[in-house]
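Every number for a ligand or one of its atoms is a count from 1 in the order of the listing. Counting from 1, the numbers follow the sequence of the chain as shown. Only heavy atoms go into these numbers, but all of them, side chains included; no hydrogens, no water, no symmetry mates. Not measured: the values here are computed from a predicted model.
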Amino acid sequence: MSDIFQTAPDYGHFNGDFGGSANEYDLSKAGTSSVTTSQVCFQTPPTPAPRTTRNFLKYVTPSAAASKILIQLVLAKQRRYPYGSLTYCFLRQCVIDGTDASEGLLHSSSLSNQGTIQETVMTRLRDTLPAAMLFLVAATMMLVLANSKAQSKQEKRPFGKTQDGQPADLYILTNNAGFEVAITNYGGTVVSLKAPDRNGKMADVILGYDSVTGYENGKAYFGGTIGRYGNRIAHGKFVMNGATYTLAKNDGENHLHGGLIGFNKRVWNAKDVSSIAGQALELSYLSKDGEEGYPGNLSAKVVFTVLADSNALKIEYRATTDKETIVNLTNHAYFNLAGQGNGNILGHQLTLHAGKFTPVDAALIPTGELRSVRNTPLDFLKPLAIGPRIAQDNEQLIFGKGYDHNWVLDRTSAEALSRAAEAYDPQSGRVLKVSTTEPGIQFYSGNFLDGTIHGKDGKIYPHRSAFCLETQHFPDSPNHPNFPSTVLKPGQHYRSTTVYEFSTR
Ligand code: GLA
C-alpha cells in the first residue's frame with residue numbers, strides 16, 4: 001500500500017482545496033473507498049481502512065448497521081523519523097449515517113485534546129512499523145504535544161474599558177512569517193490583520209478602531225463576530241414549531257445582525273488554545289434565553305487560529321442550545337487589500353464561486369428566489385473589478401446602493417471547506433482567498449461608509465473604501481423554508497468554519 005500521506009498536500013499549502021479532506025466510506029462495499037472530494041487523501045482502496053481513519057473510528061465505535069461514515073481530517077504536518085513517519089491530523093468532523101459523532105469522539109478519546117475537538121492530534125504509523133517502536137512514537141508524540149503547549153505564547157495587551165467598566169484585551173496572534181492578527185474579546189472582533197504585499201511590505205488590511213470605545217459607539221460592525229443571527233430577519237419575526245418569536249428591530253422594520261446589542265457588542269471570555277496548528281484564541285459567550293428576543297440559552301464559541309505554516313486566519317464557530325433556536329454566525333471584517341484607509345476598493349478584482357444569488361426587495365429582505373447571476377452585474381464567476389458595473393441601472397444594485405447581497409455558493413460538499421471567494425488588489429499584489437463550510441456569502445461593497453468614521457491611526461474611511469465577505473446561511477432563512485435551515489435543537493452542534501488566506505501575485 002503506497003504511503004498516501006507522502007503525496008497529500010501539507011497543511012500550509014492550499015493547492016486548490018484547502019485542508020478538510022472529506023473521505024466518505026461506503027462500509028457496505030468492504031475494501032473499497034469512494035473519495036468524494038477532489039482532494040485525494042487516500043489513494044489506494046483501504047483494506048482495511050487507512051490507519052488514521054481507523055484510529056478515529058476506534059473511538060467512535062459505529063454500530064454494525066452504519067453504512068456511511070464521513071470523516072474530515074485536516075492534515076497538519078508530516079515528520080520523518082528513522083523508524084517511519086508520523087502524520088499529525090486534526091479531526092474536523094465525523095458524521096456517521098448523518099449523525100454528528102464528533103462530540104462523542106471528544107469525550108471517549110484518550111488522546112490529548114486541547115480544548116476543542118478539532119485540535120485532537122492523531123498519528124499515522126507506517127504499516128511496517130515494528131511494535132517496539134510504538135513506545136518511541138508515543139514518546140515523540142508527547143514531546144510534540146509538550147512543545148505545542150510551549151509554543152503558545154500569544155501577546156495580550158489592555159484594549160480599554162467599556163462604558164460600564166468591563167476591561168477588554170487585545171490578543172496578538174502571529175506566525176513565523178510575521179503575519180499578524182489582533183483580536184479583542186470585546187465583540188469577538190478582529191481589530192487588525194497585517195499581511196505582506198508583493199514586495200514583502202506589511203500593511204494592516206482591515207478597518208477598525210484604536211480602542212474598545214470606538215467599537216462600542218460604532219455602527220458599522222467592523223471586524224465583529226455577528227450573532228445570534230447574521231444579516232436580516234424580516235419584521236424581526238419568525239415562526240418555529242407553531243410559536244411566533246419577536247426579535248429586536250434595529251434596521252427600520254427589520255432585525256439586523258443580532259439586534260440592538262448583538263454578539264459584536266458583548267464581552268467574551270478568552271482562552272489561549274494555541275497548538276502546533278498555530279497560535280489560537282478561543283472566545284466564548286453565553287447568550288441568555290430571551291436575549292434580543294431569541295429563544296434558548298445559546299453557548300457560543302469562536303476559535304481564531306493564525307496558521308503556523310501559511311498566512312491564514314481560520315475562524316471556527318461552535319454553538320449549543322438548551323431550547324430550539326436559530327443561529328447564523330459570521331465575521332464582519334472590512335478589507336482593503338491596499339491597506340486600511342488607503343483609497344477605495346473599486347479597482348480590486350473579485351471572484352465569487354457562485355452561479356446564483358438571493359435577490360432582495362427594497363429593504364434588502366430576500367424574496368425567496370435563487371436567481372442566476374448570468375447576464376447581470378452580480379456575475380463574478382470570473383475575476384472582475386468591483387467598480388465598473390456597480391452603478392449600473394439594475395434594480396438589485398439600486399436596492400443595495402451597490403453590492404450588498406447574498407451569493408449562493410457552488411459547493412461540492414455540504415460539510416467540507418469549499419473555496420468561496422478571491423479578491424486581488426493589482427496595486428499591492430495582495431490576494432485574499434476565502435474558504436468556508438457555509439452555503440452563502442454576503443458581498444458588501446462598503447456602501448454605507450461615507451467618510452465620517454475616524455478609524456485606526458487617524459485614518460478616515462471614505463465611501464466604498466472596504467468590502468466585506470461575510471460567510472453565512474442565507475438572510476431571513478427562518479422565513480424561507482426553501483433556504484437551508486438555521487434551526488439548532490438541543491443536543492445538536494452548530495459548526496461553521498471559514499478560512500481567510502493571504503498571498504501575493
Ligand atoms: C451587512 C448588511 C449591510 C450593512 C452592513 C453593515 O453587510 O447586509 O446592509 O448593514 O452589514 O453596515
Original post:
Are Arg157 and Tyr171 in a cation-pi setup, meaning NZ or CZ lies under 6.0 angstrom from the ring centre and within 45 degrees of the ring axis?
Top reply: no
Below 4.0 angstrom from a heavy atom of [X], which ligand 1 atoms are there? Numbered from 1 as shown, please.
X	answer
Asp404	2 (C), 3 (C), 7 (O), 8 (O), 9 (O)
His257	1 (C), 2 (C), 11 (O)
Tyr221	6 (C)

**OP:** Measure the spacing between CG of Leu350 and NZ of Lys382 and express it to the nearest 0.5 Å.
**Re:** 14.5 Å
Subject >> Option among Leu409, Thr436, Asn406, Thr498 that satisfies the side chain to side chain contact (heavy atoms under 4.5 Å, CB included) test with Ile441 >> reply: Leu409
Subject >> Test item: side-chain donor near acceptor, Arg430 and Thr504, under 3.5 Å >> reply: no
**OP:** May I have the step-by-step check of ring-ring contact (aromatic ring centres under 6.0 Å, His included) for His332 and Tyr334, ending in yes or no?
**Re:** CA-CA 6 Å; His332 211 306; Tyr334 283 66; 5.2 Å; yes
Using a 4.0 Å heavy-atom threshold (strictly under), name the region of [X] that reaches ligand 1: side chain, backbone, both or neither.
X	answer
Asp251	neither
Tyr334	side chain
Glu470	side chain

**OP:** Check whether any side-chain heavy atom of Lys356 sits under 4.5 Å from a side-chain heavy atom of Arg371, and report yes or no.
**Re:** no
Original post:
Under the side chain to side chain contact (heavy atoms under 4.5 Å, CB included) criterion, do Tyr424 and Arg505 qualify, and how do the steps go?
Top reply: CA-CA 8 Å; Tyr424 167 62; Arg505 222 188 272 157; 3.5 Å; yes
Subject >> Shortest protein heavy-atom distance from atom 4 (C) of ligand 1, along with the residue and atom involved >> reply: Phe448 CE1, 3.7 Å
Original post:
To the nearest 0.1 Å, how far is atom 11 (O) of ligand 1 from its closest protein heavy atom, and which atom is that?
Top reply: His332 NE2, 2.7 Å
**OP:** Answer with yes or no whether Lys219 contacts ligand 1, where contact means a heavy atom under 4.0 Å from a ligand atom.
**Re:** no
Subject >> Residue selection (non-hydrogen contact nearest atom 10 (O) of ligand 1) among Leu469, Leu449, Leu256 >> reply: Leu256
